Amino acid sequence: MGKNHVKEIREALLMSKAELARKAGVSPLTVDRIERGAACRMVTMRKIILALGLDVADRGKVFPEQDN
């Protein structure tokens, strides 16, 4: 499992897991798994980043371990 900043960014935006899931078009369970550090596909990462109001170029801020 890798470390990411999805939960910190989501909470800073006062956004619930359900709201993030709805905006990203994924299930709340998927958001929960990602926040706990489970691996996810590139397309899911992209959806999460965009749903957080960030640009894909900000990938390293959300998923720093995937930035290599």
Side-chain angles (χ1 to χ4, degrees):
M1 286 199 217
K3 174 74 177 142
N4 64 62
H5 300 291
V6 173
K7 183 175 182 178
E8 291 88 349
I9 295 170
R10 177 182 60 75
E11 289 179 346
L13 295 171
L14 303 177
M15 185 184 296
S16 70
K17 286 181 187 176
E19 185 178 0
L20 176 58
R22 183 178 46 78
K23 284 185 173 185
V26 300
S27 73
L29 183 60
T30 298
V31 171
D32 188 56
R33 280 190 290 224
I34 293 169
E35 286 187 353
R36 286 187 283 124
C40 65
R41 292 183 285 173
M42 192 67 73
V43 67
T44 304
M45 276 189 227
R46 184 175 182 273
K47 288 177 179 179
I48 295 288
I49 291 166
L50 295 176
L52 289 171
L54 300 172
D55 191 81
V56 176
D58 297 324
R59 179 180 70 185
K61 295 178 185 174
V62 183
F63 298 100
E65 292 184 2
Q66 310 294 322
D67 207 26
N68 301 345

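Bear in mind that the values here come from a model prediction, so they are computed numbers and not experimental data. Worth knowing before you read on, the calculation uses all heavy atoms, side chains too, and leaves out hydrogens, waters and symmetry mates.
Side-chain contact between K61 and H5 is absent, with no heavy atoms from C-beta onward closer than 4.5 Å. E35 places a side-chain heavy atom less than 4.5 Å from the side chain of R10. L20 places none of its side-chain heavy atoms less than 4.5 Å from the side chain of V26.
Although no hydrogens or angles enter the test, the distance criterion places a donor-acceptor pair under 3.5 Å between the side chain of N4 and the main chain of I34.
Ion pair E8/K3 flagged as a salt bridge, since at least one NZ, NE, NH1 or NH2 atom sits closer than 4.0 Å to an Asp/Glu carboxylate oxygen.
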Expected list for residues 40-58: side-chain donor-acceptor pairs under 3.5 angstrom, two or more places apart:
residue : atom : partner : partner atom : Å
D55     : OD2  : A57     : N            : 3.0
D58     : OD2  : D55     : N            : 3.2

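Qualifying side chain to side chain contact (heavy atoms under 4.5 Å, CB included) partners for E19, counting only residues two or more places apart in sequence or in other chains: M15, S16, R22, K23. Under the side chain to side chain contact (heavy atoms under 4.5 Å, CB included) criterion, L29 pairs with S27, R33, sequence neighbours left out.
Shortest non-hydrogen contact noted between A21 and P28 is CB-N, 3.6 Å.
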